[in-house]
Asker: 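I'd like to ask you about the structure that follows.
Because only heavy atoms are used, hydrogens play no part in the values below, and waters and symmetry mates are left out as well, while side chains stay in.
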Amino acid sequence: MLGIKKSVAQLVFSLPEHWISTLVRKTNQPETNQLDPRCALACNIARFLPKMEQMSPEKARRHYRDQMQIFDEPEFPIPHIEDKLIPTPSASFIPIRVYNANPQKRNLPTILFFHGGGLTIGNLETHDNFCRKMSHYTKSIVIAVDYRLAPEHPYPAAHDDVWLAYQYVRNSAYLFGGSPNAIAVCGDSAGALLATSLCIRAKKDKVSVPIFQALLYPMLDTSKESETYELFGERYVLTRSLMRWFIQNYLPNKKDRLTSTNSPVLADPKELKGLPPAYIGIAGYDPLREEGETYAKNLQSAGVKVEERHFPSLVHGYIQLTGLIPKAQEAEQDLFQSLVRFFSARKI
């Protein structure tokens with residue numbers, strides 16, 4: 001059934017753009033920025049799908065995985081992929097997946113990747129193709145972390161897991177063919193929260209900070225709903241009610257939402273000073289848009305170099321829409337090119 005749905009979606013989304021425009025409604029858009037017609041079609045389809053916040057977490061995870069497979073590109077081949085387990089002090093293990101498109105080379109830059117999904121859904125499989133492409137196009141090792149999910153594992157489980165993964169990779173980078181002095185972090189949505197929170201913690205704990213942070217349509221304020229929730233919180237894939245479900249699952253104690261760990265936009269400038277350079281990708285039709293914009297300003301005010309990239313015609317989650325939406329492919333390549341420029345400038 002999933003294969004049939006994917007074939008039908010490919011057929012519909014491959015129609016000429018002016019045909020697709022006639023299939024979607026153009027009225028009542030909250031801004032003058034024009035929503036990409038294929039994104040608008042995806043939004044219209046999403047309105048008829050079951051609401052994940054009304055499902056059990058397990059069912060929501062299966063639903064999310066299946067939907068992402070429909071919109072993804074064909075599997076991108078790279079020569080080396082390896083699943084490993086990181087031991088933890090509690091005698092449990094954190095699964096990771098190592099991607100290396102250039103296994104014959106040594107001292108490669110390493111990108112530690114944290115998937116999105118509101119800290120409730122998502123896993124190694126939902127972002128597998130993205131990691132494959134990132135390793136290939138950036139000529140780096142990508143290590144995806146399968147951190148624990150809420151509500152079974154609320155705060156600080158995910159934060160602790162990515163911190164342990166970072167420590168492990170710093171100490172073992174050479175075993176993967178990487179350099180311990182060239183580790184970047186990357187995340188989309190809630191994964192971006194984990195990525196920049198890791199940077200803040202590394203600085204606070206006086207541990208070597210990552211060399212770069214790439215934050216895609218980031219979730220950076222769990223303490224309140226910004227004005228872009230009002231603009232885009234109902235009809236653009238990621239909804240207000242879904243975000244509330246995610247936050248309640250991971251942060252049931254509202255006091256935890258007020259910390260810079262879970263709401264980096266609230267961080268004191270002193271906490272941000274000295275953080276690594278950042279790439280922040282911001283989707284135009286996204287309830288989290290203002291969080292990304294605010295954080296970019298806060299980082300810049302603290303003296304952090306920021307490449308703030310706006311994609312006004314796209315929606316939240318665009319790196320998982322690349323199979324059917326060309327504009328999403330362009331945004332994805334923009335990130336890869338930024339990473340390549342950074343690594344080249346550092347002569348890694």
Side-chain angles (χ1 to χ4, degrees), residues 51-61 64 90 114-122 145 147-164 185 187-205 213 215-234 236-272 275 280 282-283 286-299 302 316-317:
K51 297 183 182 300
M52 285 190 285
E53 61 268 33
Q54 296 175 0
M55 302 178 187
S56 69
E58 278 298 327
K59 186 175 181 180
R61 290 164 194 154
Y64 175 63
S90 63
F114 312 128
H115 68 78
L119 306 166
T120 299
I121 59 177
V145 181
Y147 56 83
R148 288 171 293 170
L149 299 174
E152 298 92 333
H153 304 284
Y155 174 75
H159 284 78
D160 288 347
D161 285 357
V162 301
W163 179 251
L164 287 172
V185 290
D188 74 311
S189 194
L193 168 63
L194 296 176
T196 200
S197 294
L198 184 153
C199 295
I200 293 173
R201 179 173 178 177
K203 183 201 167 191
K204 180 180 178 181
D205 290 358
Q213 53 178 326
L215 315 177
L216 305 174
Y217 36 89
M219 167 183 165
L220 297 169
D221 190 355
T222 62
S223 69
K224 63 182 181 303
E225 296 176 357
S226 66
E227 289 185 10
T228 45
Y229 269 79
E230 297 297 327
L231 294 172
F232 310 115
E234 302 302 329
Y236 300 98
V237 180
L238 180 64
T239 64
R240 183 200 305 264
S241 61
L242 184 57
M243 277 302 304
R244 288 176 175 173
W245 185 62
F246 286 153
I247 293 171
Q248 179 61 33
N249 285 340
Y250 189 62
L251 297 165
N253 186 340
K254 293 184 178 180
K255 291 183 179 179
D256 290 331
R257 304 175 193 180
L258 299 173
T259 66
S260 58
T261 299
N262 295 308
S263 295
V265 296
L266 303 180
D268 186 273
K270 293 180 180 179
E271 291 184 87
L272 302 180
L275 293 190
I280 302 182
I282 299 172
D286 182 359
L288 306 187
R289 190 182 81 184
E290 187 174 322
E291 297 174 27
E293 294 170 340
T294 300
Y295 196 54
K297 291 184 178 69
N298 292 352
L299 286 174
H316 188 91

Asker: Do the side chain of Ser260 and the main chain of Leu266 share a donor and acceptor less than 3.5 angstrom apart?
Answerer: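 No, because the side chain of Ser260 does not come within donor-acceptor range (under 3.5 Å) of the backbone of Leu266.
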Asker: Go through the steps to decide whether Lys254 and Arg257 satisfy the test side-chain contact (heavy atoms from CB on, under 4.5 Å), and finish with yes or no.
Answerer: CA-CA 5 Å; Lys254 293 184 178 180; Arg257 304 175 193 180; 3.8 Å; yes
Asker: Is the gap between the ring centers of Tyr147 and His159 under 6.0 Å?
Answerer: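 So the answer is no for these two rings.
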Asker: Could you tell me whether the side chain of Ser223 and the main chain of Leu258 form a donor-acceptor pair under 3.5 Å?
Answerer: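 Such a contact is absent between Ser223 side chain and Leu258 backbone.
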Asker: Nearest 0.5 Å please: distance from the CE atom of Met52 over to the CZ atom of Arg61.
Answerer: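 Result: 11.5 Å between the selected atoms.
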Asker: State the CG-OG1 distance between Leu194 and Thr261, to the nearest 0.5 angstrom.
Answerer: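 Reported to 0.5 Å precision, the distance equals 11.0 Å.
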Asker: Indicate the atoms forming the closest heavy-atom contact of Leu149 with Gly122, along with that distance.
Answerer: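 Closest approach of Leu149 to Gly122: CD1-O, 3.5 Å.
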Asker: What distance separates Asn249 CG from His153 NE2, expressed to the nearest 0.5 Å?
Answerer: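 Those atoms lie 12.5 Å apart.
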Asker: Using a distance-only test with no angle check, is there a side-chain donor-acceptor pair under 3.5 angstrom linking Asp188 and Tyr217?
Answerer: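 Yes - a donor-acceptor pair under 3.5 Å links their side chains.
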Asker: Can a donor-acceptor pair be found, under 3.5 Å and without considering hydrogens, that links the side chain of Arg289 to the backbone of His316?
Answerer: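 Checking the backbone N and O of His316 against the side chain of Arg289, no donor-acceptor pair under 3.5 Å is found.
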Asker: Can you check side-chain contact (heavy atoms from CB on, under 4.5 Å) on Val162 and Val185, steps first, answer last?
Answerer: CA-CA 10 Å; Val162 301; Val185 290; over 6 Å; no
Asker: How far apart are the closest heavy atoms of Pro154 and Pro252, and which atoms are they?
Answerer: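 Minimum heavy-atom contact is CB-CD, 4.2 Å.
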Asker: Indicate the atoms forming the closest heavy-atom contact of Leu215 with Ala192, along with that distance.
Answerer: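 The pair with the smallest heavy-atom distance is CD2-O, 3.6 Å.
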Asker: Is it true that Glu53 and Arg244 have a side-chain N and a carboxylate O under 4.0 angstrom from each other?
Answerer: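 Between Arg244 and Glu53 there is no salt bridge, as every charged N stays at least 4.0 Å from the carboxylate O atoms.
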Asker: Answer yes or no: is there a donor N or O on one side and an acceptor on the other, between the side chain of Thr222 and the main chain of Asn262, under 3.5 Å?
Answerer: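 Indeed, once roles are kept as given, a pair shorter than 3.5 Å links the two residues.
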Asker: side-chain contact (heavy atoms from CB on, under 4.5 Å) for Leu231 and Glu290? Distances and angles first, verdict last.
Answerer: CA-CA 11 Å; Leu231 294 172; Glu290 187 174 322; over 6 Å; no
Asker: Ring-plane angle category for Tyr250 and Tyr155, please: parallel below 30°, perpendicular beyond 60°, tilted otherwise.
Answerer: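 Taking Tyr155 first and then Tyr250, their aromatic rings stand perpendicular (interplane angle over 60°).
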Asker: Take Tyr295 and Val265 through the side-chain contact (heavy atoms from CB on, under 4.5 Å) test and state the conclusion after the steps.
Answerer: CA-CA 5 Å; Tyr295 196 54; Val265 296; 4.1 Å; yes
Asker: Spell out, as yes or no, whether a donor-acceptor pair under 3.5 Å connects the side chain of Thr294 to the backbone of Glu291.
Answerer: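 No.
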Asker: Would you call Glu152-Arg148 a salt bridge at under 4.0 Å N-O?
Answerer: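 Salt bridge: no.
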Asker: Which value, rounded to the nearest 0.5 Å, describes the distance between Ile200 atom CD1 and Thr259 atom OG1?
Answerer: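 Output value for this atom pair is 9.5 Å.
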Asker: Do you know which two heavy atoms are closest between Thr196 and Pro264, and how far apart they sit?
Answerer: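 That would be CG2-CG, 3.7 Å.
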Asker: Of the non-hydrogen atoms in Leu193 and Leu220, which two are nearest, and what is the gap between them?
Answerer: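 Smallest heavy-atom distance, with atoms named: CA-CD2, 4.3 Å.
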Asker: Give, for atom CG of Leu198 and atom CH2 of Trp163, the distance between the pair rounded to the nearest 0.5 Å.
Answerer: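 Going from CG on Leu198 over to CH2 on Trp163, the span is 5.5 Å.
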Asker: State the CG-CD distance between Leu275 and Gln213, to the nearest 0.5 angstrom.
Answerer: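 The CG atom of Leu275 sits 6.0 Å away from the CD atom of Gln213.
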Asker: Of the non-hydrogen atoms in Leu288 and Pro218, which two are nearest, and what is the gap between them?
Answerer: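 Between these two residues, the closest heavy atoms are CB-O, 3.7 Å.
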Asker: State whether the side chain of Thr228 and the backbone N or O of Ser226 hold a donor-acceptor pair below 3.5 Å, judged by distance alone.
Answerer: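 No.
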